[in-house]
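The structure appears below as structure tokens.
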2 protein chains.
Amino acid sequence: RSKNGEEPTIQFLLEMVDILTNYVKKTFDRSTKVLDFHHPHQLLEGMEGFNLELSDQPESLEQILVDCRDTLKYGVRTGHPRFFNQLSSGLDIIGLAGEWLTSTANTNMFTYEIAPVFVLMEQLTLKKMREMIGWPDGEGDGIFSPGGAISNMYSVMIARYKYFPEVKTKGMSAAPRLVLFTSEHSHYSIKKAGAALGFGTENVILLSTDERGRVIPADLEAKIIDAKQKGYVPLFVNATAGSTVYGAFDPINEIADICEKYNLWLHVDGAWGGGLLMSRKHRHKLNGTYIKLCRANSVTWNPHKMMGVPLQCSAILVREKGILAGCNSMCAGYLFQPDKQYDVTYDTGDKAIQCGRHVDIFKFWLMWKAKGTIGFEQHIDKCLDLSQYLYNKIKNREGYEMVAPKIKAMMMESGTTMVGYQPQGNKVNFFRMVVSNPAATQSDIDFLIDEIERMARDL
Amino acid sequence: RSKNGEEPTIQFLLEMVDILTNYVKKTFDRSTKVLDFHHPHQLLEGMEGFNLELSDQPESLEQILVDCRDTLKYGVRTGHPRFFNQLSSGLDIIGLAGEWLTSTANTNMFTYEIAPVFVLMEQLTLKKMREMIGWPDGEGDGIFSPGGAISNMYSVMIARYKYFPEVKTKGMSAAPRLVLFTSEHSHYSIKKAGAALGFGTENVILLSTDERGRVIPADLEAKIIDAKQKGYVPLFVNATAGSTVYGAFDPINEIADICEKYNLWLHVDGAWGGGLLMSRKHRHKLNGTYIKLCRANSVTWNPHKMMGVPLQCSAILVREKGILAGCNSMCAGYLFQPDKQYDVTYDTGDKAIQCGRHVDIFKFWLMWKAKGTIGFEQHIDKCLDLSQYLYNKIKNREGYEMVAPKIKAMMMESGTTMVGYQPQGNKVNFFRMVVSNPAATQSDIDFLIDEIERMARDL
């Protein structure tokens with residue numbers, strides 16, 4: 001009930017839809033800014049009457065619609081063709097429609113009882129993903145989780161459960177000093193998992209990389225031997241398929257050989273690069289005559305990154321069936337009653353570290369239906385073509401080593417395009433170009449290059 | 001691109017909206033079933049042509065719309081006035097509109113750069129919640145997380161960081177044997193956190209409860225003393241405000257006294273009961289002249305439960321400022337550059353165990369704007385009135401101890417109403433009545449009672 005006793009109605013929803021569809025149309029219009037930048041204090045002071053404060057009394061529905069327009073106005077258009085700032089970008093219309101349906105259904109993934117269709121969709125989709133990874137008949141296990149960091153955390157938990165199941169009941173003191181290995185270029189979530197799960201960040205050993213950001217297998221083996229000599233127990237190796245900054249692919253096969261030799265869990269973080277499995281032309285980076293992703297014990301794969309599925313959509317996939325529930329089940333009687341009238345093996349709650357779990361599957365399932373595997377393939381191929389185009393354009397172009405952080409600030413304030421920047425190792429901050437936005441074309445790449453140069457000249 | 005090269009357009013979105021608004025209308029219509037139950041194998045075989053399988057080739061947009069209708073048809077109407085099955089229920093129109101906007105904006109909570117408005121809304125809303133908890137000036141910290149289980153996991157992590165910060169770098173072996181305390185009636189997520197974070201479930205000590213499901217303080221103190229005598233180190237106590245099955249409120253003040261005496265972290269899991277803070281009439285169960293929720297070090301509060309906010313919306317709130325980032329930051333250079341042109345203290349990524357984080361704040365903020373605090377209060381008061389009404393109706397009614405699990409199966413198959421059932425301790429499975437659905441009225445309570453009796457007669 002809003003001010004004057006107004007009850008929001010279907011009419012209200014339709015007015016909201018009008019605001020949203022206008023926003024969508026403008027998002028794809030290159031004459032629209034990517035963002036209209038303001039500092040926190042400016043927004044907090046209330047831009048043109050946009051009041052963020054909450055109060056005891058209701059607002060009118062009319063004002064609610066104004067608030068919604070303002071929320072979009074001062075936000076960032078992550079679907080704009082010139083938005084390259086994050087690994088996730090784009091605004092897929094089918095995916096968006098899927099999200100709208102998901103929020104209308106407003107249910108929870110923990111049991112078949114409460115989400116029969118979504119639970120089955122998740123099961124079928126995970127199987128399809130495992131088939132692409134190359135595990136026989138798509139067998140294994142998996143779950144959609146709230147993002148790649150949590151998916152990676154799952155992989156560490158499952159590895160620990162596989163080799164030291166007693167840690168579940170007795171804690172880390174029941175295990176020797178365990179160490180994890182990951183690239184110095186890998187995502188920080190492996191380290192975060194090490195801290196959270198009780199390993200400690202000092203026991204997350206960073207591996208050296210070559211000039212293209214790939215793990216050097218000999219360094220892994222040397223560090224395993226060194227850890228063993230110190231009396232530690234190597235447990236887990238993370239190989240990255242598509243690193244966060246360089247987009248590098250660690251040599252999976254050489255790493256898998258070492259993992260087999262020393263009996264370690266091999267996880268592949270394909271949060272970014274997993275999407276390449278959809279492309280017959282590019283999947284060889286993960287799966288080919290030589291490289292075999294199926295040698296991994298677990299894989300993280302975020303359809304919300306390169307595949308353009310709306311946020312959030314991340315899967316952890318595991319080769320061994322049953323181990324996910326073994327690791328995480330607590331037998332909560334109030335949710336998972338064995339005397340239910342349906343086959344309760346479809347309930348997923350025992351596998352998750354969450355209880356309630358958001359429905360992340362439907363938008364992805366719907367996009368897959370609408371595009372087919374070949375549609376995702378076309379998108380991936382186009383992204384890699386655009387990357388190549390960018391590389392060719394700047395490789396002989398002058399001035400690209402001298403860009404300063406100040407250009408990033410100018411870019412945000414002008415709002416015409418957005419690209420991430422960050423340091424890596426001993427390098428200064430540099431622009432990290434991400435191509436995953438389905439709306440981007442060669443002209444947007446041209447625009448970006450020109451814009452960076454224009455801003456550099458104005459410094 | 002779909003079959004025949006169709007590109008989904010705004011028109012497609014509008015057709016989807018038509019499907020969704022029809023669904024919403026029917027959800028509130030009591031002559032509509034709550035669910036149309038089918039077994040997993042029936043749905044997998046393809047009900048009336050509803051094919052869940054994914055394929056290489058795209059489907060037509062027309063077929064996509066049919067798939068969406070079918071998805072809703074075979075799902076569960078969690079917003080139906082006679083849906084009482086879960087702690088989260090209802091379909092708030094403003095909240096739904098908020099979710100639609102959120103998915104249209106399709107951004108990520110990790111930095112102010114990428115979600116300026118949402119980051120500020122989160123900050124203001126968390127402060128407001130902390131004010132209601134009673135921490136001076138609403139100071140402290142907090143974050144929205146993917147559900148109550150993860151919020152509770154945060155509380156354990158933060159407690160460990162507070163007392164044994166070296167665990168972050170050195171792992172659990174740097175700490176003595178730590179023990180956690182929680183009620184035998186508490187949510188299983190505390191035990192799950194114990195397993196995941198490396199404490200071990202054996203070190204999660206369950207506390208006895210009285211006849212109404214409340215922790216017995218003397219039992220807590222006895223178990224603390226016992227643990228210390230064994231050489232273990234008590235770290236953390238979870239008190240529940242609104243337990244999962246009984247809806248019981250643990251005696252916060254007596255527990256807080258014990259925590260102070262033994263220098264333990266006090267967490268209050270108010271995932272369910274936190275909503276009572278919105279009601280002047282009922283908040284005394286958490287905050288009053290005698291009970292002081294502000295004595296807690298951390299609080300979990302899920303607006304997606306009693307307050308009817310769409311899934312998911314859960315907050316972990318912490319009294320001590322800065323400790324959340326201290327516990328979780330890994331200094332990921334590629335996201336959180338100190339040379340950004342804006343005040344980077346607004347970036348939230350360092351506080352989270354996630355990297356990407358879904359925008360869970362907007363729908364809640366928008367509902368708060370539209371209802372005002374008094375709107376939430378009215379909803380809470382109505383829910384508690386309905387509970388009282390139900391209690392009065394059945395307390396002297398015969399036959400309510402003999403209900404058999406079979407009624408639950410009949411109920412799902414008839415699809416007319418939905419209520420959870422589960423065991424607790426040595427009790428057999430019983431119906432757990434949840435009143436949080438804003439659409440429910442006294443007539444729906446009457447219907448439920450009659451329906452249970454009707455089904456019992458048919459057994």
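Naming: A, B, ... by sequence-line order, numbering from 1 per chain.
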Please step through side-chain contact (heavy atoms from CB on, under 4.5 Å) for the pair B/L54 and A/L124, ending with a clear verdict. CA-CA 8 Å; B/L54 298 165; A/L124 289 172; 5.7 Å; no
Quick one: do B/D343 and A/H39 satisfy side-chain contact (heavy atoms from CB on, under 4.5 Å)? Show the steps, please. CA-CA 8 Å; B/D343 181 354; A/H39 286 280; over 6 Å; no
Please test B/E113 against A/M418 for side-chain contact (heavy atoms from CB on, under 4.5 Å), starting from the C-alpha separation and ending with a verdict. CA-CA 10 Å; B/E113 173 176 326; A/M418 235 177 141; 3.5 Å; yes
List the steps and the verdict of side-chain contact (heavy atoms from CB on, under 4.5 Å) for B/Q86 and A/F110. CA-CA 11 Å; B/Q86 245 71 31; A/F110 45 45; 3.1 Å; yes
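Across every non-hydrogen atom of B/K192 and A/N328, the tightest pair is CE-O, 2.7 Å. Residue B/L43 comes nearest to A/P116 through the heavy atom pair CD1-CB, 4.0 Å, listed as atom of the first residue, atom of the second, then distance. Nearest heavy-atom pair, B/Y188 versus A/M330, reported as atom, atom and distance to 0.1 Å: CD1-CB, 4.0 Å. For A/M16 against B/A97, the heavy-atom pair with the smallest separation is CE-CB, 3.5 Å. In this structure, B/Q354 and A/P146 approach most closely via the heavy-atom pair NE2-O, 2.8 Å. Closest of all the heavy-atom pairs between A/V24 and B/T104 is CG2-CG2, 3.7 Å.
Heavy-atom distances place the side chain of A/L14, and not its backbone, under 4.5 Å from chain B. Contact of B/I19 with chain A is not made at all, since no heavy-atom distance falls under 4.5 Å. Using a 4.5 Å cut-off between heavy atoms, B/T9 touches chain A through its backbone atoms (N, CA, C, O) alone. Proximity to chain A is limited to the side chain of B/D67, based on heavy atoms less than 4.5 angstrom apart. At a 4.5 Å heavy-atom cutoff, the contact between A/N51 and chain B is made by backbone and side-chain atoms alike. Residue contact with chain B, scored on non-hydrogen atoms closer than 4.5 Å, involves the backbone and the side chain of A/L20 alike. Both the backbone and the side chain of A/N108 come within contact range of chain B, each with at least one heavy atom under 4.5 Å from a heavy atom of that chain. For B/R160, the part lying under 4.5 angstrom from a heavy atom of chain A is the side chain only. Of the two parts of B/A352, only the backbone, made up of N, CA, C and O, holds a non-hydrogen atom closer than 4.5 Å to a non-hydrogen atom of chain A. In this structure, no portion of B/N152 lies under 4.5 Å from any heavy atom of chain A.
Among the candidates A/V167, A/T27, A/T125, A/L72, the residue making the largest number of heavy-atom pairs closer than 4.5 Å to chain B is A/L72. Ranked by heavy-atom pairs under 4.5 Å with chain A, the first of B/V359, B/D92, B/L120, B/L35 is B/L120. The candidate from B/T169, B/I10, B/T102, B/N302 with the greatest count of non-hydrogen atom pairs under 4.5 Å with chain A is B/T169. Heavy-atom pairs under 4.5 Å with chain A were tallied for B/S55, B/G75, B/A149; the largest tally goes to B/S55. Of the residues considered (B/P40, B/C68, B/G200, B/S103), B/P40 shows the highest number of contacts with chain A, using heavy-atom pairs under 4.5 Å. Between chain B and the residues A/Y346, A/Y161, A/Y23, the most heavy-atom pairs under 4.5 angstrom are made by A/Y346. Highest contact tally toward chain B, considering only A/T71, A/D70, A/I150, A/L178, is held by A/T71 [criterion: heavy-atom pairs under 4.5 Å]. Comparing B/K363, B/M157, B/K128 by heavy-atom pairs within less than 4.5 Å of chain A, the highest count is held by B/K128.
Between B/T21 and A/V17, the closest side-chain pair of non-hydrogen atoms is not below 4.5 Å. Annotation: side chain of B/E413 is in contact with side chain of A/Q341 (closest heavy-atom distance under 4.5 Å). When side chains are defined from C-beta on, A/L96 does not count as touching B/W100, because their heavy atoms never get closer than 4.5 Å. Looking at heavy atoms from C-beta onward, A/R177 lies out of side-chain contact with B/S173 at the 4.5 angstrom threshold. For the pair A/K371/B/E59, no side-chain contact is recorded, criterion being any heavy-atom separation below 4.5 Å from C-beta on.
A search for side chain to side chain donor-acceptor pair (under 3.5 Å) contacts involving B/K191 returns nothing, not counting sequence neighbours. When the side chain to side chain donor-acceptor pair (under 3.5 Å) test is applied to B/E166, no partner is found at least two apart in sequence or on another chain.
Taking the six-membered ring where tryptophan is involved, the planes of B/Y342 and A/F37 are tilted, since the angle between them lies from 30° to 60°. Note: A/H358 and B/H358 have tilted aromatic rings, judged against thresholds of 30 and 60 degrees for the angle between ring planes.
Between A/L13 atom CG and B/I93 atom CD1 the span is 5.0 Å, to the nearest 0.5 Å. Taking CG of B/L197 as the reference point, atom CZ of A/F199 lies at 11.5 Å (rounded to 0.5 Å). Rounded to the nearest 0.5 angstrom, A/L52 CG and B/K369 NZ are separated by 7.0 Å.
With hydrogens and angles disregarded, a donor-acceptor distance shorter than 3.5 Å links the side chain of A/T78 to the backbone of B/A105.
Using modelled atom types and a 3.5 Å distance limit, the side chains of B/E99 and A/N106 yield no donor-acceptor pair.
Other residues, nucleotides and ligands place no more than 12 heavy atoms under 6.0 Å from the NZ atom of A/K170.
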